[in-house]
Amino acid sequence: MLPPKQNFSEWFHELIQQAEILDVRYPVKGLYVWFPFGFKIRRYVYEKLREIMDRDHEEVYFPTLIPESVLRKESQHIKGFENEVFWVTFGGSTPLDVKLALRPTSETPMYEMFALWIRTHADLPLKVYQIVNVFRYETKHTRPLIRVREITSFKEAHTVHRNYEEAEEQVKKAICYYKEFYDFLAIPYMVIRRPDWDKFPGAAYTVAFDTIMLDGRTMQIATVHNLADNFSKTFGITYEDVDGQHKFANQTCYGISERCVASMIAIHGDDNGLVLPFEVAPIQVVIIPIPYRGREDEVIKACRDVAEKLKKFRVLLDDSEDRPGAKYYKWELKGVPVRIEIGPREVENGEVVVSFRDEKKKFSLKVEELREEKILEWAKEMRERLRRKAVENLKSMISFIKELSNLDAKGVKVFHLCENRECGLEIEKFGVSLLGWFEEIPDWMNFPKEGECIVCGSRGKLAASAKTY
Ligand code: 5CA
């Protein structure tokens, strides 16, 4: 049995084990094992991410180990990561001359090489991505999928452009790509520009995607950074322009981790287990025979026929010895989106009984109507239902406030804030994080775009604060 979702932390921790997403018993803190079932979910989720990335980037692979001298080149960057780096200092029993870092992210090794790759304007733009593991010695409380020390599924994209404007264009495109990705997962988000003190180390600015968990805390599920020419100056990434002049390139980078899987589990799941969008479910349709003594053969045959008919999808016919009730329980826990039951009555009527994981009701359908297009239509409707429900939940945890004293209550607080650093810091004195200013106002949010700064009263824009994961 799962704890109720209301006890969010406990529910999440139990669910990922019981549904066989991750094994949390690995004997290194912050490192987890993907079970086969969890890894399939990861695969379908990342297939989508890869499809989106492939339209505008080429996939590459850079080494896991970074020489200390390279990692230290960009001073802001290393300042940000100094305390999070794992070091490799021995080769066998021989101390290494040059310490090697396990990549915490790949700006430095990539940009070291980009300086060799890029010669002229004809080499630009350069747009690459990789999906790899990275290591961060996190000191905050570690949690499976959410705050890990080996990020197993780090999709990092890096782009190089002729000038700042082109980099800025790419930032906008990256935001669109991530919106498409999270819309696909039916996960609602807020696109927020981080305050200066919370931007990525070495970036000119950072735009983040934040979603909200059931306990009212937000989780950053993606970030997009405009690096301007900060890195190109330290790594010497220059190009000869059409006018013959040598210029520094401008860069962007943006990333997503297994938090995308975490947010999907956390947001759509319920008291009975996982609820997965059809497209990423390892089993999309489960067929459950309802046995009746003496008529087992007809029932099984009808089930097999339906399985054959739907073989384009990931279908499982559960003909195990378990009772139907036990099967319902198991496949609900695993988040199978479509359940089909067939008993003697259905066989007689040429029907099946259908139910969806996210809804309580069941209905009967003629077998002839059970076609590929029908299933795809259900998949689409289900995504829309999941999205609507998630948006409603999210909205219920956001409130607009005009008084600083309302800041520390549960959930996300939205208010007007000017761009003065002091005013931003004032917010954080209430024990919450200033997420930043809305880069885009979501269509489901209708607070006034501008108003008096909640701290000083001068002109402010819409901003948000919350406790964060
Ligand atoms: N190089 C840039 C862009 S790829 C970068 O590293 N950005 S980041 O530090 O913001 O990381 C990208 C995303 O990875 C974050 O937005 C967050 O969603 C996720 N992430 C960061 N640290 C962890 C962690 N310890 N565990 C799980 N996910 C993480």
Side-chain angles (χ1 to χ4, degrees), residues 12 16 22 29-32 34 42 45-46 49 53 57 60 62 66 71 74 76-81 83-86 101-111 114 127-159 167 170-171 174-175 177-178 181-182 185 187 189-194 198-211 213 217-227 230-231 251-266 433 435-436 468-469:
F12 182 78
I16 56 172
L22 294 182
K29 185 179 157 63
L31 272 55
Y32 306 93
W34 285 94
R42 175 197 184 271
V45 169
Y46 277 73
L49 188 54
M53 284 294 120
H57 310 72
V60 290
F62 279 71
I66 311 175
L71 187 68
E74 215 288 333
Q76 286 306 313
H77 186 68
I78 185 61
K79 224 161 92 191
F81 280 105
N83 294 323
E84 291 189 16
V85 177
F86 282 95
L102 291 179
R103 60 180 164 219
T105 167
S106 306
E107 281 71 13
T108 56
M110 285 194 175
Y111 303 171
F114 287 180
K127 303 184 193 182
V128 298
Y129 79 95
Q130 64 179 10
I131 300 176
V132 296
N133 56 347
V134 299
F135 297 84
R136 295 185 181 180
Y137 186 76
E138 296 279 358
T139 46
K140 279 200 198 167
H141 184 61
T142 53
R143 282 170 206 276
L145 299 174
I146 293 177
R147 187 172 298 279
V148 296
R149 286 185 172 173
E150 179 184 2
I151 306 178
T152 63
S153 317
F154 197 61
K155 192 288 296 166
E156 48 177 328
H158 297 262
T159 71
Q170 191 64 30
V171 164
I175 292 173
Y177 300 144
Y178 285 177
F181 176 63
Y182 278 112
L185 299 177
I187 295 172
Y189 44 77
M190 303 179 289
V191 184
I192 295 181
R193 189 180 290 230
R194 288 280 182 262
D198 197 23
K199 65 187 187 188
F200 181 70
Y205 65 85
T206 290
V207 177
F209 281 58
D210 292 302
T211 193
M213 301 286 105
R217 287 163 73 180
T218 59
M219 180 159 76
Q220 172 180 302
I221 51 175
T223 33
V224 181
H225 315 287
N226 189 335
L227 305 175
N230 296 346
F231 283 88
Q251 294 174 271
T252 79
C253 66
Y254 31 102
I256 281 185
S257 76
E258 52 257 55
R259 280 189 186 181
C260 61
V261 176
S263 58
M264 187 176 71
I265 293 171
S433 299
L435 300 176
T468 63
Y469 267 98

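Every number for a ligand or one of its atoms is a count from 1 in the order of the listing.
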For Y111 and E74, what are the C-alpha separation, side-chain angles and deciding distance, and is it a side-chain contact (heavy atoms from CB on, under 4.5 Å)? CA-CA 11 Å; Y111 303 171; E74 215 288 333; over 6 Å; no
Pair S433-D198, side-chain contact (heavy atoms from CB on, under 4.5 Å): steps then yes or no: CA-CA 10 Å; S433 299; D198 197 23; 6.0 Å; no
I would like to know whether Y254 and K155 meet side-chain contact (heavy atoms from CB on, under 4.5 Å); could you show each step before the answer? CA-CA 8 Å; Y254 31 102; K155 192 288 296 166; 3.9 Å; yes
Between E107 and Q251, is a side-chain contact (heavy atoms from CB on, under 4.5 Å) present by the stated rule, with each step listed? CA-CA 10 Å; E107 281 71 13; Q251 294 174 271; over 6 Å; no
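At least one donor-acceptor pair under 3.5 Å links the side chain of R147 to the backbone N or O of Y469. Side chain of N230 to main chain of G202: a donor-acceptor pair is present (N/O by atom type, distance under 3.5 Å, no hydrogens or angles). Judged by distance alone, the side chain of R259 and the main-chain N or O of Q220 form a donor-acceptor pair under 3.5 Å.
Considering both main-chain and side-chain atoms, Y254 never comes within under 3.5 Å of ligand 1 through any nitrogen or oxygen pair. The shortest N or O to N or O distance between H158 and ligand 1 is not below 3.5 Å. Note: no N/O pair closer than 3.5 Å links E156 and ligand 1 by distance alone. For a threshold of 3.5 Å applied to N or O pairs, the pair formed by E138 and ligand 1 contains at least one separation below that value.
For atom 1 (N) of ligand 1, the closest non-hydrogen atom on the protein side is E107 OE2, 2.5 Å. Regarding atom 27 (C) of ligand 1, its nearest protein heavy-atom neighbour is I146 O, 3.2 Å. When only non-hydrogen protein atoms are considered, atom 5 (C) of ligand 1 lies nearest to F200 CE1, 3.3 Å. Looking from atom 16 (O) of ligand 1 to the surrounding protein, the closest heavy atom is Q220 NE2, 2.7 Å. Regarding atom 8 (S) of ligand 1, its nearest protein heavy-atom neighbour is T223 OG1, 3.6 Å. V148 N, 3.1 Å is the protein heavy atom nearest to atom 26 (N) of ligand 1.
Counting heavy atoms closer than 4.0 Å to ligand 1, residue A222 contributes backbone atoms (N, CA, C, O) but none from C-beta onward. Only the side chain of T105 comes within 4.0 Å of ligand 1, judged by heavy-atom distances. At a 4.0 Å heavy-atom cut-off, ligand 1 does not touch R149 at all. Of all the heavy atoms of T206, none lies under 4.0 Å from any atom of ligand 1, so neither backbone nor side chain is involved. Residue-level proximity to ligand 1 for I256 is absent, since no heavy atom of it falls below 4.0 angstrom. Within the 4.0 Å heavy-atom criterion, neither part of M219 lies near ligand 1. With a 4.0 Å cut-off on non-hydrogen atoms, I151 touches ligand 1 through its side chain and not its backbone.
In terms of heavy atoms, E138 sits closest to R149 at O-NH2, 2.7 Å. For the residue pair H77 and P201, the shortest heavy atom distance occurs at ND1-O, 3.2 Å.
Within the 4.0 Å heavy-atom cutoff, F154 counts among the residues contacting ligand 1. Heavy-atom distances between V134 and ligand 1 stay at or above 4.0 Å for every pair.
Counted by atom type alone, T159 and Q170 present zero donor-acceptor pairs between their side chains at under 3.5 Å.
Residue nearest to atom 29 (C) of ligand 1, selected from C253, S257, G255: S257 (by heavy-atom distance). Closest heavy-atom approach to atom 6 (O) of ligand 1 among the candidates H225, E258, R136: R136.
If you look at Y178 and F181, their ring centroids are not closer than 6.0 Å. Ring pair H158/F114: centre-to-centre distance not below 6.0 Å.
The ligand atoms of ligand 1 that sit less than 4.0 angstrom from a heavy atom of R147 are 26 (N). The I221 neighbourhood of ligand 1 comprises atoms 18 (O), with distances under 4.0 Å to a heavy atom of that residue.
The neighbour count for F62 CZ, taken as heavy atoms of other residues, nucleotides or ligands under 6.0 Å away, is above 12.
Taking NZ from K29 and OH from Y137, the interatomic distance works out to 8.0 Å, rounded to the nearest 0.5 Å.
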